[in-house]
Each structure stands twice: as C-alpha cells, then as structure tokens.
2 protein chains.
Amino acid sequence: MDAENYCIAGRLRMLSRIMTSLYNGAFNGEEVTLPQAGLLMYIFAKPGIRQVELAQLLYIEKSGMNRELQLLQRNGWLTDNLKQGLFLTEEGRVKAKRCHKIWKALNLTMREQLGPEAVSGLDALSGQVFAFIAPAETQQTTTE
Amino acid sequence: MDAENYCIAGRLRMLSRIMTSLYNGAFNGEEVTLPQAGLLMYIFAKPGIRQVELAQLLYIEKSGMNRELQLLQRNGWLTDNLKQGLFLTEEGRVKAKRCHKIWKALNLTMREQLGPEAVSGLDALSGQVFAFIAPAETQQTTTE
DNA sequence: CAATAAAAGTTGCATATACAACTTTGTCGA
DNA sequence: TCGACAAAGTTGTATATGCAACTTTTATTG
C-alpha cells in the first residue's frame with residue numbers, strides 16, 4: 001500500500017511542525033519560541049560557546065544561527081559581542097531558567113504521552129540519521 | 001544521563017532540517033524544493049483539491065499554504081484561480097512527474113539506508129503523535 | 001430572496017532557515 | 001612583523017511557516 005511509502009522527509013517536517021506548535025504554545029507566556037528557548041538553555045549550560053559550534057551541534061547553517069542570536073541580543077538576553085563567545089545577560093539567565101522549567105515539565109509529559117515505543121522509535125531513527133550523515137563522528141548527545 | 005532526555009521537538013526539528021537538506025539536494029536539478037515538489041505531487045494525485053484540505057492534511061497553516069501555492073503559480077505550475085480547487089498546468093504536470101521519479105528513488109534509498117528499525121520507529125512515533133493531537137480521527141495516510 | 005453567519009482565501013508582519021558572497025579575525029610560515 | 005590562507009561571522013536574498021486581521025465565497029435561514 002501507499003501508506004507504507006510515505007515521504008520520510010515530509011513526515012519529519014510534518015511532525016516537526018506539529019511538535020513545534022505544541023512546544024511554542026507552552027512558551028507563550030515567556031514570550032519566546034522553542035528555538036529561542038533552546039538556544040538560551042544551551043548557552044546557559046555552556047557559556048562562552050561559539051556560534052559555529054552551536055550551529056554544528058544543531059545542524060543549523062551558521063548564517064541562520066547568527067540571525068537567531070541577533071534576535072536574542074535584541075531581546076536583551078545576550079551580551080554585546082557575539083564574536084568572542086556567547087554569554088547571557090542576567091536577564092537572559094533568568095529567562096533561560098524559566099524556560100528550562102517549562103521545557104522540562106513539557107518534555108517529560110510529552111515522553112509519557114507518546115509512550116516508550118514512540119520515544120525509542122525516535123531514538124532509533126535519530127541514531128541512523130546521524131550515522132548516515134556523519135558515519136565516523138561520535139554519537140549525538142545534544143539537549144535540543 | 002542527559003542524553004536520554006533530549007528535547008522531542010528539538011530533535012524532530014533537527015532531523016527535519018537534515019532530511020530536508022538531503023531531499024532538497026536531490027531536487028536541485030529540477031529547480032524545486034522538497035515542499036514544492038510535495039505539493040506538486042499531491043495536486044497531481046488529487047486534481048481539484050482545495051487549499052484548506054491540503055493544509056489540514058499536512059498540518060500547515062492555511063496562510064502558509066496559500067503562499068506556497070502562489071509560489072507554484074508564479075512558476076507556472078498552477079492554473080489561475082486558486083479558489084476553485086487546485087489544478088496543475090501542463091507544465092506543472094510534467095514537473096510533478098519528474099519530481100515523483102526523483103522522490104520515489106530517493107525515498108526508497110533513504111528507507112534502505114536508515115533500515116527497517118528506524119523506519120518503523122518513525123511509524124510508531126507518527127502514530128502516537130497523530131493519536132495525541134487528534135484522538136478521534138482516522139489514521140493518517142498522506143503521501144508527504 | 002436578503003441578511004447573516006461560517007468557511008475559505010488573502011495579506012501584513014514576524015520568525016526560522018538555507019545558500020552565496022562578503023568582511024573580519026585569527027594563524028602560520030617566511 | 002607581514003602577507004596569505006583559513007575560519008568565523010555577517011549580510012543579501014529567498015523560501016517555509018505561524019498568528020491575526022481582513023476579504024470574499026458559500027451556506028443557512030427567516
């Protein structure tokens with residue numbers, strides 16, 4: 001049947017849209033989006049990290065990463081100089097903590113809702129995709 | 001370990017970026033992107049389908065769908081009136097067929113590369129996500 | 001049929017990305 | 001130290017989306 005042959009990329013895009021929408025909803029009160037919250041939490045965990053490293057970790061093109069960071073900066077969450085490593089402002093650290101609280105609860109709930117089979121399915125898929133695009137590199141262990 | 005608690009939405013976004021990039025590369029020669037090719041193939045299979053139906057099927061907001069369709073129209077692949085159902089031009093049908101050929105081969109290759117475990121993992125995840133967001137509706141069987 | 005309400009389609013505005021090209025910074029060897 | 005090359009960062013331009021608001025169509029119903 002055709003249902004067995006759905007588009008892998010298309011399906012991932014669809015699931016990405018759906019889940020992004022759910023997570024974004026949870027961050028509404030904080031006036032941040034999921035991608036923004038993710039970056040805040042990441043920089044909180046690794047202050048001083050460089051743009052290029054963050055971009056590689058998340059498989060985002062460096063120019064897109066740069067623009068995301070400029071956005072965080074405009075919101076007052078990142079310090080001035082983006083070239084010398086990324087650092088949160090005090091406001092940014094507060095925001096990151098609040099986001100982490102929301103994220104942690106939601107992500108746990110989501111794992112429970114989806115169930116272990118779906119989650120391990122995502123694990124298996126992730127592993128294979130990472131192995132496919134970077135056969136030699138070490139395993140992916142990012143937070144986002 | 002923290003690796004066990006990665007963000008579900010973030011991971012899906014990452015995989016979506018990665019796979020989109022791979023598929024887009026395959027469509028380079030046709031001067032279309034994966035999302036565009038997907039719409040062309042879908043309309044090819046269901047001529048006359050309405051914007052709103054396509055949007056619901058793919059979980060894309062209707063305004064975004066409208067703009068994607070206008071883009072296809074500008075490229076000469078869709079007929080004039082988007083309000084009376086969507087129809088490909090002759091050029092559009094040719095393009096859709098060429099895209100389908102490319103897509104079919106790539107998608108099959110990708111399924112083989114990722115392996116049955118990863119693919120059934122994606123199936124399991126998809127099923128749970130669809131069940132979560134639309135508990136009562138029938139099963140998802142889209143092509144994208 | 002006319003008035004409205006509901007559904008579909010569009011547009012304004014904003015974010016999230018990608019690719020290419022350009023600029024700045026950093027490194028290394030002569 | 002200087003110049004060349006590499007790496008990182010930035011900007012131009014375009015697509016893919018989302019939300020809200022507005023317009024046009026379509027349906028309902030008195």
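All values below come from the heavy atoms of this structure, side chains included, with hydrogens, waters and symmetry mates left out. Chain letters run A, B, ... following the sequence lines, proteins first and then strands; every chain starts at 1. Remember, it's a predicted structure, so these values are computed and weren't measured experimentally.
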Peer 1: Tell me: CG of A/N24 to P of C/dA16, nearest whole Å?
Peer 2: 8 Å

Peer 1: Are any protein N/O atoms closer than 3.5 Å to N/O atoms in nucleotides 21-26 of chain C? If there are, list each pair with its distance.
Peer 2:
{"from": "C/dT24", "atom 1": "O3'", "to": "A/K83", "atom 2": "NZ", "distance (Å)": "3.3"}

Peer 1: With sequence neighbours excluded, tell me which residues meet side chain to side chain contact (heavy atoms under 4.5 Å, CB included) with B/Q51.
Peer 2: B/N66, B/L69, B/L82, B/L86

Peer 1: D/dG9 C1' sits how many Å from A/E68 CD, rounded?
Peer 2: 16 Å

Peer 1: Expressed as a whole number of angstroms, how long is the span from B/I60:CD1 to D/dC19:C1'?
Peer 2: 15 Å

Peer 1: Find which nucleotide of DNA chain C each of B/N81 and B/S21 is nearest to by heavy atoms, and output the residue with the more 5' nucleotide.
Peer 2: B/N81

Peer 1: So, does B/R93 use its side chain to make a donor-acceptor pair with the main chain of B/L88 at under 3.5 Å?
Peer 2: yes

Peer 1: Over how many whole Å does the gap from A/Y23 atom OH to D/dG18 atom P extend?
Peer 2: 18 Å

Peer 1: Please work out if B/Q51 contacts a base, only the sugar-phosphate, or nothing of the nucleic acid, heavy-atom cut-off 4.0 Å.
Peer 2: sugar-phosphate

Peer 1: Say whether, by atom type as modelled, one donor and one acceptor occur between the side chain of A/T33 and the main chain of A/Q36 under 3.5 angstrom.
Peer 2: yes

Peer 1: Go through the N and O atoms of the side chain of B/R67 and the base of C/dG12, and report whether any donor-acceptor pair is under 3.5 Å.
Peer 2: yes

Peer 1: Looking only at the side chain of A/Q70 (C-beta and beyond, no hydrogens), which of the listed nucleotides D/dA16, D/dT11, C/dC19 gets closest?
Peer 2: D/dT11

Peer 1: In whole angstrom, give the distance that lies between atom CG of A/L15 and atom P of D/dT17.
Peer 2: 13 Å

Peer 1: Going through the checks in order, is the side-chain contact (heavy atoms from CB on, under 4.5 Å) test met by B/L122 and A/Y6?
Peer 2: CA-CA 11 Å; B/L122 178 55; A/Y6 64 84; 3.5 Å; yes

Peer 1: So which pairs with a foot in residues 83-102 of chain A pass ring-ring contact (aromatic ring centres under 6.0 Å, His included), sequence neighbours left out?
Peer 2: A/H100-A/W103

